[in-house]
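Working notes, beginning with the structure itself.
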Amino acid sequence: MRRSQEPGLWALFSAGGMLAALVLPVLVAVLWIAAPLGWVELPTHANLRALIGHPLTRLVLFAVVSLALFHWAHRFRYTLYDGLQLYHLNQLIAIITYGTATVGTMVTGYALVVFP
Amino acid sequence: MPDTVTLEVQRYRPEEETGPAWQRYEVPFRPEWMVLDALNYIKDHLDGTLSYRWACRMGVCGSCGMLVNGEPVLTCATYLEELPHGSIRVEPLRGFPVIRDLIFDLTDFLNKLKRVSPWLVRKKEQPVADGEYRQTPDQLAEYKQYSMCINCMLCYSACPIYELEPEFIGPAAIALAQRYNHDSRDEGVQARMDVLSQHDGIWACTFVGECSAVCPTNVDPAAAIQRYKLSATLDWVKSTVLPWGKR
C-alpha cells in the first residue's frame with residue numbers, strides 16, 4: 001500500500017509549532033515588554049554578540065528559525081489549498097511553500113556559519 | 001416571553017420538489033422545550049408529512065443531529081429558549097446527501113467506519129475456558145473517552161475538510177479507531193495504521209478542531225487525530241528513515 005509522505009512534513013510542522021510556541025513568547029516578553037518597561041536590564045550589544053558566539057546558541061537559533069519556517073510553509077500551504085480551494089495548484093503551492101522554507105533554512109545556516 | 005416561535009424547516013420531498021425548499025411553522029413556545037419537541041409538535045399537530053430521525057430524546061442515540069441556525073447540534077439537547085429570538089432555522093446536517101426533509105444518507109460514513117475495523121481484533125482468541133480478558137481501571141481509562149461516540153455525525157457536519165474532500169475518512173471513524181487502538185485487549189493497531197496513515201486517513205485533517213467543539217459527548221476527535229498523527233509519524237520514522245526499520 002502506498003504510504004503518505006506527509007508524516008515527515010507534519011513532523012517538521014509540529015516541531016516548528018512547538019518550538020515557536022515555547023521560545024517566541026519568552027523572547028517577546030523579555031525583549032519587547034520586560035526590558036522596555038525596565039523590569040529587567042536590557043542586554044548590551046556586547047552581551048548578545050558573546051551569546052551568539054557560542055555554537056550552542058547558533059544551533060538553537062538554526063533549529064528555531066528553520067523549523068518555524070517549515071511550520072509556516074505547511075500551514076500556509078493548507079491555507080491556500082483548503083481556504084482558497086486551489087486544488088489544481090497543489091503541487092505548485094507545495095513547491096513554493098516548502099521551497100521557501102528550504103531556502104530560508106539554507107540562508108539561516110549560511111548566516112550562522114559565516115557570522116564572526 | 002413570546003407565546004409562539006417560528007421554525008423554518010428545510011423540506012425536500014423528492015416526489016414533489018426538485019430541490020430543497022423552506023417551510024415555516026408556528027409552534028407554541030415553552031421554556032422546557034427542546035428543538036426536537038417543537039419538531040414533534042409539528043409532526044403531531046401541524047404537518048404529519050415532515051420527516052426526521054429521532055429516538056431517545058436524551059442525547060444517547062445520536063439520531064436527531066441537525067443544523068439549527070447553521071450549527072450542528074443534537075436537537076434533543078438544544079433548548080428553544082437558548083436560541084436567539086425570532087425564527088429558528090432547522091436543516092439537515094451539512095455535508096451529506098439528503099434523502100428526505102431532515103433525513104440524510106449515512107452510507108458513506110458506515111463504509112468508512114468498516115475500513116478501520118471498529119471492533120476488538122485478536123490474532124488468536126483465547127479459549128472460553130481461560131475466562132474473560134481482564135482490564136485494569138487505568139487500561140479502561142485509556143480509551144473510555146473515545147468509546148463515548150454515539151455516531152451522531154455532528155463532527156462530520158462541522159468538519160470543513162469532509163465537505164471539501166469527501167474521501168476523508170473523518171473525525172468519528174478515527175476516534176473510534178483510537179478507541180480500539182488504545183484498548184489493551186486489541187491487536188489490530190497495524191491493520192488500522194495501514195488504512196489511516198494514507199492521505200484520506202489522518203493526513204487530510206488540518207486540525208481545524210470544529211469536530212471537538214460540536215461533539216455532544218466530549219469525545220474530542222481532534223485530539224484523537226493529532227495523537228494518531230504522532231503515532232503514524234513514529235511508525236513512518238521506524239519504517240522509512242531508520243535503516244533497520246521493519247519495511
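Values in this document were obtained by computation on a predicted structure and should not be read as measured data. All chains are named by letter (A, B, ...) in the order of the sequence lines, taking the proteins before the strands, and each is independently numbered beginning at 1.
- In this structure, chain B has a heavy atom under 4.5 Å from the side chain of A:Y87, while its backbone stays farther away.
- Using a 4.5 Å heavy-atom threshold, the side chains of A:Y81 and B:T206 count as separate.
- Across all their heavy atoms, A:A11 and B:T233 have their closest contact at CB-CG2, 3.7 Å.
- Within 6.0 Å of CD in B:Q126 there are more than 12 heavy atoms belonging to other residues, nucleotides or ligands.
- Between the CZ atom of B:F207 and the OH atom of A:Y78 there is a distance of 15.5 Å, given to the nearest 0.5 Å.
- A 6.0 Å sphere centred on OH of A:Y98 holds more than 12 heavy atoms belonging to other residues, nucleotides or ligands.
- Using a 4.5 Å cut-off between non-hydrogen atoms, the part of residues 208-231 of chain B that approaches chain A consists of B:Q226, B:K229, B:L230.
- Around the CD atom of B:E71, the shell of radius 6.0 Å holds no more than 12 heavy atoms that belong to other residues, nucleotides or ligands.
- Scanning all heavy atoms of the two residues, the minimum distance from A:D82 to B:L164 falls at O-CD1, 3.7 Å.
- Within a 6.0 Å sphere centred on CZ of A:R75, other residues, nucleotides and ligands contribute 12 heavy atoms or fewer.
- Taking 4.5 Å as the limit, every side-chain heavy atom of B:I202 sits out of range of all side-chain heavy atoms of A:E6.
- No more than 12 heavy atoms of other residues, nucleotides or ligands sit less than 6.0 Å from atom CD of A:E41.
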